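For clarity, every value in this text was computed on a predicted model and none was experimentally measured.
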Amino acid sequence: MKLKFIFAQYTIVFLLCNCQGGGADGDEITDSANFVLNYPEIREKIIKEEAKVQKIRKQRIQQGDTLAIEPEQLRDFLPKSFDGYAAEGDFVGSPYQLSGQSYANAEQDYVKGSVHIRITLCDYNGKEAQFAKETAYFASGIRIDDRQVNAGSVVFPGNIKGWEIFEKITQRAELNLAVSDRILIKIIANNQSDTEYIKKIAQKLNLKKLSQF
């Protein structure tokens with residue numbers, strides 16, 4: 001399948017949200033999300049998702065819910081510590097509001113021994129179309145498994161869509177989850193053997209409460 005082959009070439013450095021952070025071990029992550037726009041199978045899903053989120057946008061405007069969650073409020077969903085991992089460095093959070101668009105992110109690094117983990121929460125309330133573009137293929141059912149990467153769609157309870165990537169050579173794992181049609185969770189870790197552990201970390205983030213936004 002041509003689409004599967006092409007994805008395998010590009011997902012090693014996939015960025016699925018606008019949070020411009022590096023990897024958990026300091027590597028740079030390249031924004032390749034727009035690559036999917038070139039393929040009809042994914043483009044069709046994006047069009048449907050954009051129509052869906054525009055309806056949600058109108059409902060939120062009627063309810064007066066047009067601003068992203070404050071970074072400090074998002075921070076409450078980030079663990080202070082877990083499984084022997086302690087927070088490292090300063091919390092990073094930033095709001096963004098311009099021309100009726102609203103966006104915010106919250107990010108924290110964690111370390112235990114040689115393992116570094118970064119957890120980022122991005123709220124796209126007010127940038128729903130961008131959210132749709134970056135998450136539409138999460139539920140595509142695409143699966144890639146070659147010499148370099150094992151990647152594909154994942155589904156969490158509560159109809160939470162996701163995309164996981166494991167880079168076999170670098171042992172870098174990444175998980176992206178789309179929650180409540182507005183929040184994107186990104187977890188990156190080094191020195192992993194697969195994505196199973198970072199999926200367990202995601203379950204510590206009170207996904208049910210995040211789904212209520």
Side-chain angles (χ1 to χ4, degrees), residues 14-21 31 33 36 42 44-80 82 91-108 117-142 152-165 174-188 195 198-213:
F14 228 89
L15 173 64
L16 303 178
C17 74
N18 280 341
C19 307
Q20 299 294 334
D31 186 352
V36 301
I42 305 302
E44 184 178 347
K45 287 180 179 293
I46 289 173
I47 292 171
K48 290 180 180 179
E49 286 294 316
E50 285 181 328
K52 173 185 172 183
V53 297
Q54 285 306 321
K55 289 180 63 176
I56 293 172
R57 174 68 173 165
K58 290 179 181 178
Q59 293 172 354
R60 287 180 176 155
I61 289 174
Q62 292 173 351
Q63 297 168 358
D65 179 14
T66 59
L67 298 179
I69 303 167
E70 290 293 328
E72 290 74 18
Q73 188 176 0
L74 284 173
R75 184 182 189 179
D76 292 339
F77 289 93
L78 293 171
K80 293 180 173 59
F82 57 90
F91 159 77
V92 176
S94 60
Y96 170 86
Q97 293 181 29
L98 181 66
S99 302
Q101 292 191 332
S102 181
Y103 168 85
N105 78 300
E107 179 178 285
Q108 182 66 59
I117 295 173
R118 173 168 293 171
I119 303 176
T120 306
L121 304 180
C122 308
D123 183 8
Y124 283 73
N125 197 22
K127 291 188 72 176
E128 293 88 348
Q130 184 69 22
F131 182 89
K133 285 179 176 139
E134 294 176 0
T135 64
Y137 58 92
F138 283 16
S140 63
I142 294 171
S153 302
V154 293
V155 178
F156 273 61
N159 196 31
I160 295 174
K161 299 176 295 183
W163 184 266
E164 61 180 346
I165 308 167
E174 177 178 336
L175 175 68
N176 298 269
L177 298 177
V179 182
S180 68
D181 294 306
R182 65 182 276 183
I183 296 173
L184 190 59
I185 299 171
K186 185 185 195 75
I187 303 174
I188 304 173
T195 60
I198 58 173
K199 284 191 279 192
K200 290 179 181 177
I201 294 174
Q203 294 170 354
K204 302 176 185 289
L205 301 182
N206 199 344
L207 297 177
K208 184 176 181 181
K209 188 172 182 180
L210 274 170
S211 298
Q212 294 171 359
F213 284 102

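- At most 12 non-hydrogen atoms from other residues, nucleotides or ligands lie less than 6.0 angstrom from NZ of Lys209.
- The heavy-atom pair separating Ile69 from Asp123 by the smallest distance is N-OD2, 2.6 Å.
- The nearest pair of heavy atoms linking Phe82 to Ile119 is CE2-CD1, 4.3 Å.
- Among all heavy-atom pairs drawn from Phe138 and Leu184, the shortest one is CE2-CD1, 3.9 Å.
- Note that the CD1 atom of Ile188 and the CG atom of Asn176 stand 7.5 Å from one another [nearest 0.5 Å].
- Defined by atom type and a distance below 3.5 Å, a donor-acceptor pair is missing between the side-chain atoms of Asn105 and Glu107.
- The structure places CZ of Phe77 at 4.0 Å from CG of Leu210, a figure rounded to the nearest 0.5 Å.
- Thr195 contributes atom OG1, which lies 11.0 Å from atom CD of Glu174 (distance to the nearest 0.5 angstrom).
- If you take NZ on Lys208 and CD on Gln203, they are separated by 14.5 Å, rounding to the nearest 0.5 Å.
- You'll find the side chain of Ile187 reaches within 4.5 Å of the side chain of Leu205, heavy atoms only.
- Across every non-hydrogen atom of Gln108 and Leu78, the tightest pair is CB-CD1, 4.0 Å.
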Note to self: For a side chain to side chain contact (heavy atoms under 4.5 Å, CB included) check, start with the C-alpha distance between Ile185 and Leu207, then their side-chain angles and the critical distance, and finish with the verdict.
What the structure shows: CA-CA 10 Å; Ile185 299 171; Leu207 297 177; 3.4 Å; yes
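- When all heavy atoms of Thr135 and Lys161 are compared, the closest pair comes out as O-NZ, 4.4 Å.
- Here the straight-line distance linking atom NZ of Lys186 with atom CG of Leu175 works out to 9.5 Å at 0.5 Å rounding.
- In plain terms, the two heavy atoms of Leu74 and Ala106 that are nearest each other are CB-CB, 3.6 Å.
- Within the model, atoms CD1 of Ile160 and OG of Ser180 stand 8.5 Å from one another, a figure rounded to the nearest 0.5 Å.
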